[in-house]
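All heavy atoms count here, side chains included; hydrogens, waters and symmetry mates do not. Just follow the structure's listing: the first ligand is 1, and inside any ligand the first atom is 1.
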Amino acid sequence: MRFTVTDLLMKKKEKQKITMLTAYDYPFAHLVDEAGIDMILVGDSLSMVVQGNETTLPVTMDDMLYHTKIVVKSTKRAMVVADMPFMSYQVSIEEAVRNAGRLIKEAGAHAVKLEGGREILSHVKAITEAEIPVIGHLGLTPQAFLRMGGYRLQGKTEEQAKRIIEDALRLQDKGAVAIVLEVIPSELAKEITESLEIPTIGIGAGVHCDGQVLVIHDLLGLFEKFTPKFVKKYANLREDVLKAIIKYKEEVEKGEFPDKEHSF
Ligand code: KIV
């Protein structure tokens, strides 16, 4: 049985922590599902950790459809959330509903995630009215990289914090089923979490959120360009993979591979 929106809301009510990780392909989606993680986010971080771009901005609807389809096919239990990429929902409400619908209908996602607050309330309402579960995303919203001038802590001033709290309440009001809070002070995340009936899922937002999400390449030590303060590396796969590849190269060059055991 897949983890559903009902399970999500139940976990909040029963004060059980929600687990979420990103995945973009068969090997990782399969492992994340096997480990019993509640929700898999096919994040637009795909652009950076899989496609090697500097920001999340270049990733397209076609890319998201392709990867979401693979993740859905590779999993049995987790709820699969597809990120709506930059410019797939900002232009008009109609486009937002159409593109959210494509992620559900063509790729098989179980929910979509959109970045932003008051600017996208009508979009969230319209997508929800099309019976598609929406997850909001507030605080550091990487699609606003150019306007924000980098990836920085958000909600530091009283005014900024007030705006994020108001946005969270408005998103809930328009039908969002959960909200990702990215890189905001822990105390602000606590206040938001306590004010909402829907769960908050934090990334760099402290321990008080109802759940946590990380980019799997960060958690496994596979992304070398930069490591934000909130990332805990549970493994250093980059080093292991590099060692394995260098060993293979050496063995091929010395004529040690393939040996008898690996030949017919
Ligand atoms: O794209 C992504 O991976 C995300 C997470 C950082 C929440 O939006």
Side-chain angles (χ1 to χ4, degrees), residues 8 18-25 28-29 32 37-61 63-68 70-71 78-90 99-100 103 107 109-117 120 124 133-145 148 150-155 164 168 171 176-184 189 192-193 198-206 209-220 222-223 225-233:
L8 182 65
I18 297 155
T19 55
M20 186 188 219
L21 272 178
T22 68
Y24 321 91
D25 58 17
F28 285 132
V32 171
I37 294 289
D38 296 322
M39 301 164 81
I40 296 182
L41 173 65
V42 188
D44 59 358
S45 48
L46 164 69
S47 175
M48 297 169 79
V49 299
V50 175
Q51 298 178 331
N53 297 313
E54 292 302 315
T55 69
T56 59
L57 304 183
V59 79
T60 66
M61 267 302 291
D63 297 332
M64 294 307 300
L65 287 165
Y66 175 84
H67 285 274
T68 302
I70 290 171
V71 169
M79 173 174 169
V80 178
V81 181
D83 245 344
M84 296 200 65
F86 181 57
M87 282 301 128
S88 69
Y89 59 95
Q90 288 90 342
N99 283 324
L103 288 163
H110 309 117
V112 297
K113 176 167 82 60
L114 283 74
E115 293 181 10
I120 57 150
V124 171
V134 175
I135 295 183
H137 185 155
L138 294 171
L140 195 167
T141 47
Q143 291 180 17
F145 174 80
M148 286 179 174
Y151 300 124
R152 296 204 183 87
L153 179 68
Q154 302 295 310
I164 298 174
L171 283 170
V177 297
I179 300 179
V180 167
L181 298 176
E182 182 163 356
V183 192
I184 61 169
I192 297 169
T193 301
I198 56 171
T200 57
I201 302 175
I203 173 162
C209 295
D210 298 302
Q212 296 293 327
V213 57
L214 276 180
V215 170
I216 193 155
H217 288 63
D218 287 336
L219 171 148
L220 295 176
L222 273 172
F223 186 68
K225 288 188 181 162
F226 59 90
T227 306
K229 175 178 156 64
F230 59 80
V231 166
K232 180 170 174 184
K233 288 191 186 180

TODO: Examine distances only and state if a side-chain atom of S47 and a backbone atom of D44 form a donor-acceptor pair shorter than 3.5 Å.
DONE: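 No.
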Open item on the list: Please check: side-chain N/O of K113 versus main-chain N/O of V180, any donor-acceptor pairing under 3.5 Å?
Closed with: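 Flag not set: sc K113 to bb V180 has no pair under 3.5 Å.
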Do [X] and [Y] come close enough that some side-chain heavy atom pair is under 4.5 Å?
X    : Y    : answer
V134 : V112 : yes
P199 : L8   : yes
I203 : F230 : yes
T55  : Y151 : yes
Y89  : Q143 : yes

Under 4.0 Å from a heavy atom of [X]: which atoms of ligand 1 are those, numbered in the order shown and with their elements?
X    : value
H137 : 8 (O)
T22  : 3 (O)
V215 : 3 (O)
G43  : 1 (O), 2 (C), 3 (O)

How far is [atom] from the closest protein heavy atom, and which atom is that?
atom                   : answer
atom 8 (O) of ligand 1 : K113 NZ, 2.9 Å
atom 6 (C) of ligand 1 : I203 CD1, 3.6 Å
atom 3 (O) of ligand 1 : S45 OG, 2.5 Å

Task: Residue-ligand contact M20/ligand 1, heavy atom below 4.0 Å - done: no
Task: Under 3.5 Å: N/O of D44 near N/O of ligand 1 - done: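 Yes, since at least one N or O of D44 sits under 3.5 Å from an N or O of ligand 1.
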Open item on the list: Would D83 count as a polar contact of ligand 1, with the cut-off being nitrogen or oxygen pairs under 3.5 Å?
Closed with: yes
- [ ] Answer with side chain, backbone, both or neither: which part of L41 has a heavy atom less than 4.0 angstrom from an atom of ligand 1?
- [x]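 For L41, the contact with ligand 1 is made by the side chain alone.
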Task: Least distance between heavy atoms, M48 atom then T56 atom - done: SD-CG2, 3.9 Å
